[in-house]
Every structure is written in C-alpha cells, then in structure tokens.
Amino acid sequence: MYRTRGIPPGSVAVCRRCGVKLFHDQRGNLQGVLALNIGAMLFFALAHLMPFLTFSIEGRAQTSTFLSGPLMLVRDGYWPLGLVVFIVVSLFPAMRMVTMFWLLLPMMSAHRPPFAASAMRFSQFLRPWCMLEIFLLGVLVAYVKLSDIAAVELHEAVYAFLAAMLLATTADSILEERALWERLGRQARVDVTRPLPAALISCTECGQIDVLAEAALHPTCSRCGSPLHRRKPDSIARTWALVAAAGVLYIPANLLPVMTVVYFGSGAPNTIMSGVKELFAAGQVPIALLVFTASIVVPILKLVGMVWLLLSVQLGVRRGRRQRTMIFFFIRGVGRWSMVDIFMISILVSLVSLGAIATVVPGMGALSFAAVVLLTMLAAESFDPRLIWDLQGDRLERHIDGRI
C-alpha cells in the first residue's frame, strides 16, 4: 500500500516492489483528451464512408472500403475471421470513442454522467481490444506486397484513418484513468497511524480500497460496483486451459495455408513462413523482419512465457519475481501485435478479387492463427500476476510510503 501526496508534473509513480507503473501525472488534461477524442470520432467516421484502396492490374481495377475486408471474409465462408476483424478494427474502437465522449463531456461542466462507473469499466475493458495501430501496420504490409505486382492507390479514407489512429492513440497516452475515477468517487482514506484492517482489499478495476466484510458472500467495490476478489478466481486453471488450446492451434496455424494467391490462373498456397520468405526475396527486409517477429517470434515467446509464469507460481519459485512480473506485462502488451498478419490478409482479400487475373483466397491457417492470438491474449488477462508475489509461507508485506 502507498500513500500518495502528489508527484511532480509530467512524472510517473511506480511500485518500488515490482516496478509496475501505478499512475502518471496529467494535471488538467481532460479538455485535451476530449478534443482529441472528438477529432478521432470524426476522422474515424470519414474513414468508413470514403474509398480506402484501389488495386489496378492489366487494365482492371478493384476499389475497397474500410469494411470490405470483413465482408469479403464472410463471403468466402470465413465469417469468424471477418467478425473478429470487424470487432477489433471498427466496432470496439468506435464504442470506446463514444464511451469516452459520454464520460468526458459532462465532466467538463462538473457533472457526473449517467452510468459513469459502468462506462469507465467498459472503456477499460475495450482498450486492449482496439487495434487501430496494428491495422495500419497491416495496411503497410499489404501495400508493400501488392506494389511489386501492380499499382496500388491510396484514397482519402487511408489518411482519415491515419488521423483517427494518431488522435486516438495520443488521447490514450495522456489520459490518466486514476484521475477520472477520482472525479467519479474519491479514493478511500486509510488511517496509517492505526492498525490496518486484516481484510483490506483493492479493486482491480478502479483501485478503490475497501474493507472486506467477513459476512459478505459476493462483495462489490464501493466505487465502481465490480466484484471484489483477493485473487482472480481459478486464475491458474483458466490460464492453463487457454494456453494449452493456443499451443494446440499454433501447429495448424503454421502448417496450413493462411491464403492462396492466384496470379493469371495459377497460384500456390502461402503459409506464414512462406510469406516472410517472399518478403525477404523481394528485398523488403525491414517489413519481412517485422512480420517474422510479430507472427512467428511473438506467439512462441507468449506461449513459452506464460508456461514459465504458471510453472513458477505452482512450483513456488521465489527468485526473479520482479523480472517475472515485468515479463508478464510485456507479454500482455505485445500479444495483440500478432494480429498484423490477419489484417494484411483481410486487406488483400478485399482488394485482389479479379478472377483469373489476380485473386487472394483466405485459408484455414489464418483462422487458426487468429484463434492463437486471441487465446493468448485471454490467457494473459486471466492470469493474476499477484500470484507471483504471494507464495505459500511468505510474510504478508504492507508498504506505507509517503514519498510517492
């Protein structure tokens, strides 16, 4: 536990035990976040209304819109893949922008918006599943692959999407969620001069401190109403199940073709690795290394890292707790970037649909790979990193520090 007395402007408070960021100082930034969010909403809407890309070859052209990729995946029978792309690129980002607008606009006039706590929790849930910057990387990879065989024209929607992504990312970077929670409900104060309650518990959603009543069967947070748990229920079992499922699906994800490119009546299926080799052969070394890292290295590291974290907790490993905590947060942060291959396939399928001249057809490998990425992300969310620190037989440590 830490007692906060404010921190210097622009600085960051971190836990001195595990090194994880607690909060950063952003005084009076609500107006800036609201303005950036409104701009992102407008540009995001424009990106959905205008043409996105045009692919031209042998006198024929195919123009796509922002939603063409998911629609074409559904048409080809890969509706789960199309649904995932639509959710993480269009639906969830739009819902997060609207939710932040709903919260921030009344706060500017010192009013509490309706359903404020639920909206804050919903916004926090959406944040890791909004993948605008990763989709932009998928656009770049698709553009590089297609530029070698035909002309690709960028339309207004690409620039509108780029503006929306930059504005939304900037808004997220300067938003201090702790400050919003303080406006919705003040943090509980604990008298550190008196013995601390034995049943003190912190909400994992808003950080509120509550005293857990022994008679409470289903305790909830006094500020945001979310369920209170000392540790995430069945964290180890759920994480093992998700990691095992991802490990099984990782095999077909690499062996089965993720897409088939038909070029003037002939074509061959491409796996993830063959796509990387093609980029190397075309001289696109930076893009090839990027795709190799995001699609091959990162999934392996996530699986190995999660297995190591689970085993270290169950085996009672005491050394390297701080390092393992940082590894966990690294895994949770980079896992979403593996979706770049899926977004590239979505763009290629929507653009290259010219019959025998040039066509891209998705493969089952893409469906398996998307499942691997989503399962590893869910595994990271289900794992409770506090388990690393409360091994059996450890002394319960309570840190009261007034210097943060």
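All values derive from a computational prediction rather than experimental measurement.
Nearest approach of A119 to L103, heavy atoms of both residues: CB-CD2, 3.8 Å. Nearest approach of L387 to I236, heavy atoms of both residues: CD1-CD1, 3.7 Å. Across every non-hydrogen atom of I174 and G32, the tightest pair is CD1-C, 4.4 Å. Heavy atoms only, all atoms of each residue included: C18 and R322 are closest at O-CG, 3.4 Å. Nearest heavy atom pair, residue I342 against residue A366, reads CD1-O, 3.3 Å. V258 and G365 get closest at one heavy-atom pair: CG1-C, 3.7 Å.
Between atom CZ of residue R321 and atom CH2 of residue W389 there is a gap of 6.5 Å, rounded to the nearest 0.5 Å. Note that CD1 of I331 and CZ of R324 are 12.0 Å apart. Values are rounded to the nearest 0.5 Å. The distance from the CZ atom of F86 to the CG atom of L91 is 5.0 Å, given to the nearest 0.5 Å. Note that CD of E381 is 10.5 Å distant from OG1 of T239, once rounded to the nearest 0.5 Å. The distance from atom CD1 of I272 to atom CZ of F369, rounded to the nearest 0.5 Å, is 4.5 Å. Of the inter-residue distances, the one linking I209 atom CD1 with C221 atom SG reads 10.5 Å to the nearest 0.5 angstrom.
With sequence neighbours left out, Y250 forms a ring pair (Phe, Tyr, Trp, His ring centres under 6.0 Å) with no residue at all.
A distance-only check finds a donor-acceptor pair linking the side chain of T170 to the backbone of L166 [under 3.5 Å]. A donor-acceptor pair is defined here as one N or O able to donate and one able to accept, closer than 3.5 Å; such a pair exists between the side chain of S338 and the backbone of A294. Remark: the backbone N or O of S222 is paired with a side-chain donor or acceptor of D210 at under 3.5 angstrom. Proximity of a side-chain donor or acceptor of E176 to a complementary backbone N or O of H24 within less than 3.5 Å is detected. Although no hydrogens or angles enter the test, the distance criterion places no donor-acceptor pair under 3.5 Å between the side chain of T271 and the main chain of P257. Checked by atom type and distance alone, the side chain of Q187 pairs as donor or acceptor with a backbone atom of G207 at under 3.5 Å. Judged purely by atom type and a 3.5 angstrom limit, S350 uses its side chain to pair as donor or acceptor with the backbone of I347. A donor-acceptor contact shorter than 3.5 Å links the side chain of D384 to the backbone of K232.
S68 and T65 are linked by a side-chain donor-acceptor pair at a separation below 3.5 angstrom, with hydrogens and angles left out of the test.
Only one option out of R332, K302, R336 pairs with T376 in a side chain to side chain donor-acceptor pair (under 3.5 Å); it is K302.
Classification of the F161-F66 ring pair by plane angle, with boundaries at 30° and 60°, yields tilted.
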Side chain to side chain contact (heavy atoms under 4.5 Å, CB included) evaluation trace for F343 with L137:
CA-CA 8 Å; F343 296 149; L137 188 58; over 6 Å; no
Carefully, step by step, assess L351 and F52 under the rule side chain to side chain contact (heavy atoms under 4.5 Å, CB included).
CA-CA 10 Å; L351 271 182; F52 197 70; over 6 Å; no
Test M41 against L167 for side chain to side chain contact (heavy atoms under 4.5 Å, CB included), laying out the working first.
CA-CA 9 Å; M41 290 172 62; L167 292 172; over 6 Å; no
Quick one: do W129 and M377 satisfy side chain to side chain contact (heavy atoms under 4.5 Å, CB included)? Show the steps, please.
CA-CA 9 Å; W129 302 98; M377 289 181 65; 3.6 Å; yes
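Proximity of L154 to L53: side-chain heavy atoms (C-beta onward) are separated by under 4.5 Å at one or more points. The side-chain heavy atoms of I388 and F383, taken from C-beta on, include a pair separated by under 4.5 Å. Between H48 and L67, the closest side-chain pair of non-hydrogen atoms falls below 4.5 Å. L46 has its side chain out of reach of L42: every pair of non-hydrogen atoms, C-beta onward, lies at least 4.5 Å apart. The side-chain heavy atoms of L311 and W240, taken from C-beta on, include a pair separated by under 4.5 Å. In this structure, the side chains of E182 and R223 come closer than 4.5 Å at one or more pairs of heavy atoms. Residues M100 and L180 meet the side-chain proximity criterion, which asks for heavy atoms closer than 4.5 Å. S295 places a side-chain heavy atom less than 4.5 Å from the side chain of V340.
The side chain to side chain donor-acceptor pair (under 3.5 Å) pairs that include a residue from residues 95-120 are R96-S123, R96-D172, S109-H111, where partners are two or more places apart or lie in different chains. Residue pairs meeting the side chain to side chain donor-acceptor pair (under 3.5 Å) criterion with at least one member in residues 153-166, sequence neighbours excluded: T54-H155.
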